[in-house]
Amino acid sequence: MRASELYAPTLRESPAEAELLSHKLMLRAGLIRKAAGGMYTYLPLAWRTMKKIMQIIREEMDAKGGQEIMMPVTQPAEIWQESGRWAVYGDEMMKLKDRHGREFCLGPTHEEMVTTLIRGEVRSHKQLPLMLYQIQNKYRDEIRPRFGLMRSREFVMKDLYSFDKDIDGMNISYKKMYDAYSKIFTRCGLNFRAVEADNGAIGGGHSHEFTVLAPSGESSIAYCENCDYAASDEKAELKVIKAEVEELKPLEKVSTPNCHTIELVKNFLNVPIEKTIKAVAFQDDDGRLILAFVRGDHEVNEIKVLNAVEGALHLHMAEDSAITAVGSCAGFMSPINLKDGAIIVADSTVMEMYNAVAGANEVDAHFINVTPKRDFPAEKIIVTDIRMVQAGDPCPHCGAKLKMTRGIEVGQVFTLGNKYSKSLNATFLDESGKETYFEMGCYGIGVGRTMAAAIEQNNDADGIIWTRAIAPFEVVVVPVNAKVTEQLEYAEKLYDELKSAGVDVLLDDRKERAGVKFKDCDLIGYPIRVTVSPKTLESDLVEIKIRKSGEVSNFNRADCTAQIKNLLTQL
RNA sequence: CGGGGUUUAGCGCAGUUUGGUCUAGCGCGUCUGAUUUGGGAUCAGAAGGUCGUGAGUUCAAAUCUCACAACUCCGACCA
């Protein structure tokens, strides 16, 4: 490919619409252009990279027995109504009607599609396991698309769906995909972690998110440097912290004027923050009041609270009226002496406290010498882990201190069990001739997001730094002055030679000044730049610059192709 | 959906407060020519704008009023 024919409109300044570094770089380097909010055109450079990522994905999927198929993007409403998700997905789904008024959606995912595909056709356990995958556009009408390709409304996604005859088989498929994902992201040159994730209401399963570590990421994860434990902040398990046993002192009410935050109480009463109990009030969709209590220096993990309360689907902050209804008041809540009607959830660590400070359920007053085991016994309340992980908390596997970081979720593996086979009535006959639901799994990778994450993780002030495996071109050959026939011809020969040697190479034959071309090369981020100039040409040398390290060296023309191929293996 | 901001040439912006001097500028980019040629050149010339859309106020609107839209940030939400 010749740069003079390549459509890669680079920009000197970055458009105002971009905030995120990878988004800016993709616009500046001529990788993408926006068509509408959350919808992008992938220009040749981006598409080359995406094709390479997709190829890596295909190879690893196929290696595990996956078979690629192509399904319609437009899906009939019926199958979604059948699974019950037409309403669940709600406004997040792009919906449309055909000329007859029949309803469709643009698929946000394809569980319904693939399950109805095999239903009735895969009839025997002998046909299992089965793994089908697709790489295609998916649609999600995000409330707020942002960050360029990170959160867009139309995106390229790989999804593989596994069908097994039983849970054991499903777990084997899951493991295969977990391994494949590790290989894929390693091959893409990404620094990532497989993070234990919440798989919500779907029972019986596991889920891992594959998260690329980057400070700009949307998800917050806790990880252990000592072992391989990593979990999303919402999921991270925490063990009870036991306080030193103390002699119990009698409960006492004290005046604490205007001390409606933990910080104020702590200072006013001059107690350590670890000896205070913090309260957060929620209500669920049915209006039930849920009071959550954690130690003063901890934060409440809403997801854990939600999971702890039977029947709760969503939580929101409680209305003041609901709090007063149970005889308490905001800022001074505690589980002591409350009227009936509140669901009380206490963090396990709270139950281990002695002689602590908690609200007195009246304005400007707190209890001191609160000992939860004595003053609000565990029998009447829910006691479990509901705190949000913090840096320094002990790892649940090995006990070492956890670290916190941010990341970009680029893939997720998920067991589904029989959720969809059941709701869509997809069965086969097992060994004993019994009709059985498929045990399924689904495994997604955001292709565009993977590209964006790679840029987010690998860049410098001059631009993108591609890993060789997913670079739009591996090598760029630059004659410093393409108007000089001698240089151009020399560069062309080199280019032909590299091409024949199987190198993915671009010839920058544009009649631009050297500075312009160099800036573009750095911005676009080709791993290796080969420069042809009068300086080196005379002595039959070629100059090779490594984008990542900035290292420049000269090689003899005769063996430079071999040298380049060798260098590429390290990039 | 709530709150803020923005919308003027391909891109980045000024001009709006105080309506007229705006026949709307500047930088970058683009085109033509010349000189240049190892890190986004210089000179000369040129093209390019329904000032987001619609309505209104006024002798007069990029500028004031109202409505709407798009984009964007924060929040809520998120398989």
Side-chain angles (χ1 to χ4, degrees), chain A residues 9-20 23-24 27-30 33-39 80 83-85 88-93 105 107-112 138-148 150-153 155 157 159 161 197-202 205 207 209 218-219 232 234 285 302-303 306 313-317 409 411-416 419-420 441-446 461-463 478-484 487-488 508 510-524 529-537 543 545 550 552 554:
Chain A
T10 56
L11 302 171
R12 193 180 286 207
E13 298 168 272
S14 62
E17 69 185 49
E19 191 76 9
L20 198 67
H23 188 191
K24 280 184 186 165
L27 289 166
R28 280 196 57 205
R33 286 295 181 264
K34 184 169 68 179
M39 314 229 183
W80 287 82
S83 75
R85 287 211 292 178
V88 175
Y89 247 98
D91 291 337
E92 195 133 322
M93 197 147 60
C105 69
T109 175
H110 282 68
E111 281 90 2
E112 280 78 0
K138 305 224 173 182
Y139 298 80
R140 224 165 275 175
D141 197 358
E142 292 284 350
I143 297 174
R144 189 181 159 201
R146 55 184 142 170
F147 305 139
M150 292 290 186
R151 185 173 280 258
S152 51
R153 294 197 290 172
F155 49 93
M157 182 127 178
D159 260 319
Y161 301 95
D198 193 50
N199 69 342
I202 303 167
S207 176
E209 289 169 0
E218 282 192 271
S219 48
S232 67
E234 290 170 348
D285 290 344
E302 217 177 298
I303 301 290
L306 186 63
L313 292 174
H314 295 284
L315 293 183
H316 55 90
M317 294 315 249
E409 185 197 331
Q412 182 164 20
V413 290
F414 215 104
T415 54
L416 297 169
K419 179 182 160 87
Y420 294 99
C442 100
Y443 316 87
I445 293 180
D462 292 319
V478 186
V480 291
N481 188 344
K483 290 179 189 167
V484 178
Q487 280 180 43
L488 184 59
D508 196 344
R510 291 177 301 162
K511 294 178 173 46
E512 292 284 353
R513 295 168 62 86
V516 173
K517 299 207 271 193
F518 290 159
K519 286 285 182 191
D520 272 352
C521 290
D522 289 347
L523 179 59
I524 295 168
R529 189 184 85 200
V530 179
T531 314
V532 173
S533 77
K535 281 196 287 188
T536 50
L537 200 149
E543 176 189 301
K545 182 175 183 185
V552 180
N554 291 334

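Convention: sequence-line order gives letters A, B, ...; per-chain numbering from 1.
When rounded to the nearest whole Å, the span between NZ of A:Lys535 and P of B:G39 equals 9 Å. One can place CG of A:Asn481 at 16 Å from C1' of B:G40, the figure rounded to the nearest angstrom. Atoms CD1 (A:Ile303) and C1' (B:C77) sit 11 Å apart, rounded to a whole Å. Computed from coordinates, the A:Lys519 NZ to B:G40 P distance equals 6 Å when rounded to whole Å. Atom pair A:Trp80:CH2 and B:A79:P shows a separation of 13 Å (rounding to whole Å applied). Atom CD in A:Glu142 sits roughly 10 Å away from atom C1' in B:A79 (whole-Å rounding). One interatomic measurement links the two molecules: CG of A:Leu306 to C1' of B:C78, which rounds to 14 Å at whole-angstrom precision. Going from atom CD of A:Glu13 over to atom C1' of B:A14 covers 14 Å, rounded to whole Å.
With a cut-off of 3.5 Å on both Watson-Crick or G-U wobble distances, the partner of B:U32 is given as B:A44. Look at B:G75: its Watson-Crick or wobble partner, with both distances under 3.5 angstrom, is B:C1. Base pairing annotation: B:U7 forms a Watson-Crick or G-U wobble pair with B:A69, both donor-acceptor distances under 3.5 Å. Base pairing annotation: B:G19 forms no Watson-Crick or G-U wobble pair, as no partner gives both donor-acceptor distances under 3.5 Å. Searching all strands for a Watson-Crick or G-U wobble partner of B:G25 with both distances below 3.5 Å returns B:C13. B:G56 and B:C64 make up a base pair, with Watson-Crick or G-U wobble contacts both under 3.5 Å.
Comparing A:Glu92 and A:Arg28 against RNA chain B, the residue whose closest nucleotide sits nearer the 5' end is A:Arg28. Map A:Arg510 and A:Glu302 each onto its nearest nucleotide of RNA chain B; the residue landing nearer the 5' end is A:Arg510.
With a 4.5 Å cut-off on side-chain heavy atoms, A:Arg151 and A:Arg144 do not count as touching. Within the 4.5 Å cutoff, the side chain of A:Thr109 has heavy atoms near those of the A:Arg85 side chain. Within the 4.5 Å cutoff, no side-chain heavy atoms of A:Lys545 are placed close to those of A:Cys521.
Side-chain proximity of A:Ile143 to B:A79, B:U37, B:C1: nearest is B:C1. Taking only side-chain atoms of A:Arg151, from C-beta outward, the nucleotide of B:G40, B:A79, B:C78 with the closest atom is B:C78. Residue A:Asp522 places its side chain closer to B:G39 than to any other of B:C1, B:A79, B:G39. Comparing B:C11, B:U36, B:A79 against the side chain of A:Tyr89 picks out B:A79 as the nearest. Counting only heavy atoms from C-beta on, A:Glu409 has its side chain closest to B:A79 among B:A79, B:G39, B:A41. Counting only heavy atoms from C-beta on, A:Val516 has its side chain closest to B:G40 among B:G40, B:G12, B:U37.
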Using nucleotides 70-72 of chain B, report all nitrogen or oxygen pairs with the protein that are shorter than 3.5 Å.
from, atom 1, to, atom 2, distance (Å)
B:C71, OP1, A:Gly37, N, 3.1
B:C71, O3', A:Lys34, NZ, 2.9
B:U72, OP1, A:Lys34, NZ, 3.3

What nitrogen or oxygen pairs link the protein and nucleotides 3-5 of chain B at under 3.5 Å?
none

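Nucleotides B:G27 and B:A44 have their P atoms positioned 12 Å apart, rounded to a whole Å. B:A69 and B:U53 have their P atoms separated by 15 Å, given to the nearest Å. Atom name P, nucleotides B:A62 and B:U16: the rounded distance is 14 Å, in whole Å. Nucleotides B:C11 and B:G52 place their P atoms 14 Å apart, quoted to the nearest Å. Spacing of P atoms, B:G5 relative to B:U65, comes out at 14 Å, to the nearest Å. If you take atom P in B:G56 and the same atom in B:U17, they sit 22 Å apart, rounded to whole Å. On the P atoms, B:A47 is 16 Å away from B:G10, given to the nearest whole Å. Taking atom C1' in both B:G15 and B:G20, one finds a spacing of 15 Å when rounded to whole Å.
Remark: A:Arg529 qualifies as a cation-pi partner of A:Phe518 under the 6.0 Å distance and 45° angle criteria applied to the six-membered ring.
Residues A:Cys442 and A:Glu111 come closest through the heavy atom pair SG-OE2, 3.3 Å. A:Arg33 and A:Leu27 get closest at one heavy-atom pair: NH1-O, 2.9 Å. Across all their heavy atoms, A:Ala197 and A:Gln412 have their closest contact at CB-NE2, 4.1 Å.
A:Arg529 comes within 4.0 angstrom of a base, heavy atoms only. Here A:Lys138 lies out of heavy-atom contact (under 4.0 Å) with every strand. At the heavy-atom level, A:Leu523 lies under 4.0 Å from base atoms of the strands shown.
Scanning atom types as modelled, no donor and acceptor separated by under 3.5 angstrom connect the side chain of A:Glu512 and the base of B:G40.
Close to B:C28, at under 4.0 Å from its OP1 or OP2, lies no side-chain N or O of A:Arg12.
A:Arg510 CZ to A:Asp520 CG: the interatomic distance, rounded to the nearest 0.5 Å, is 4.5 Å.
A donor-acceptor pair is defined here as one N or O able to donate and one able to accept, closer than 3.5 Å; such a pair exists between the side chain of A:Ser207 and the backbone of A:Val413.
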